[in-house]
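These notes concern the structure reproduced below.
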Amino acid sequence: MGSSRQRLDAQKLELLKTAMKLAARDEERILVIRRAQAIRDVASLRYPVPFLDQPAYAQAAYETIVEPAHHRELRDANKAEFETALNAVIRISEDPVVVERAHRYKKGQTRVRPKAAQ
């Protein structure tokens with residue numbers, strides 16, 4: 001399963017890279033960055049890192065970095081890389097939910113979803 005899933009994830013990432021090259025507007029690029037969240041591979045962590053220092057794309061990049069960290073197996077297998085990326089999110093993101101998730105995943109905890117207003 002791992003090998004075929006890895007090939008499929010690699011293909012998805014290549015499609016996203018192509019879509020990014022074809023994107024004409026920031027909104028389209030943001031959608032491409034966010035779509036990388038669906039790839040359960042360390043590549044989905046690596047892909048958004050270059051966008052962290054680009055204000056138009058930073059929020060999408062933070063979210064896209066934090067999402068694969070939710071998957072313990074992926075996070076544990078690539079601990080150093082996730083640690084570095086999550087530290088960057090904690091250091092520069094202004095979104096308290098994203099920062100809280102990054103802290104929790106660094107500690108090996110699961111996400112606690114905020115309760116909906118009643």
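Numbering starts at 1 and runs along the sequence shown. Not measured: the values here are computed from a predicted model.
- For residues 77-90, the set of pairs meeting the side chain to side chain donor-acceptor pair (under 3.5 Å) definition, not counting sequence neighbours, comprises R46-E81, N87-K106.
- Residues E67 and R34 form no side-chain contact, since every pair of their non-hydrogen atoms from C-beta on lies 4.5 Å or further apart.
- Put simply, F51 and I90 are part of two different groups of oily side chains (I, L, V, M, F, W, Y) that touch within less than 4.5 Å, one to the next.
- Considering only residues two or more places apart in sequence or on other chains, R35 meets the side chain to side chain donor-acceptor pair (under 3.5 Å) condition with none of them.
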Can you give me every donor-acceptor pair (side chain of residues 14-24, partner residue at least two apart or in another chain, under 3.5 Å) with its distance?
| unit_1 | atom_1 | unit_2 | atom_2 | d |
| --- | --- | --- | --- | --- |
| T18 | OG1 | E14 | O | 3.1 |

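- A side-chain donor-acceptor contact under 3.5 Å links T64 to the backbone of I33.
- Residues forming a side chain to side chain contact (heavy atoms under 4.5 Å, CB included) with D53 (at least two apart in sequence, or on another chain): none.
- Side-chain contact check for L45 versus L74: every heavy-atom pair is 4.5 Å or farther apart.
- Remark: R72 CZ to Q109 CD distance equals 9.0 Å, nearest 0.5 Å.
- Residues that satisfy the side chain to side chain contact (heavy atoms under 4.5 Å, CB included) test with A69, not counting sequence neighbours, are R75, F82, L86, Y105.
- Distance check: H71 NE2 to S44 OG gives 8.0 Å after rounding to the nearest 0.5 Å.
- Placement of V99 and V97 in two distinct hydrophobic clusters is found when ILVMFWY residues are connected by side-chain heavy-atom separations under 4.5 Å, directly or transitively.
- A single hydrophobic cluster is not seen to contain both Y57 and I65; linkage of ILVMFWY side chains at heavy-atom distances under 4.5 Å, directly or through other members, places them apart.
- The hydrophobic cluster containing I30 also contains L13, counting ILVMFWY residues as joined when their side-chain heavy atoms lie under 4.5 angstrom apart, directly or transitively.
- Cluster membership check: V49 shares its hydrophobic cluster with V42, using side-chain heavy-atom separations under 4.5 Å among Ile, Leu, Val, Met, Phe, Trp and Tyr.
- Here the closest heavy-atom approach between residue A61 and residue P48 is recorded as CB-O, 3.5 Å.
- Under the side chain to side chain contact (heavy atoms under 4.5 Å, CB included) criterion, Q11 pairs with L8, not counting sequence neighbours.
- The two residues A58 and L52 come nearest to each other via the heavy atoms CB-O, 3.6 Å.
- Of all heavy-atom pairs spanning R40 and D9, the tightest one is O-OD2, 3.2 Å.
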Where do Y47 and D41 land on the side-chain contact (heavy atoms from CB on, under 4.5 Å) test, with the steps shown first?
CA-CA 10 Å; Y47 180 70; D41 186 87; over 6 Å; no
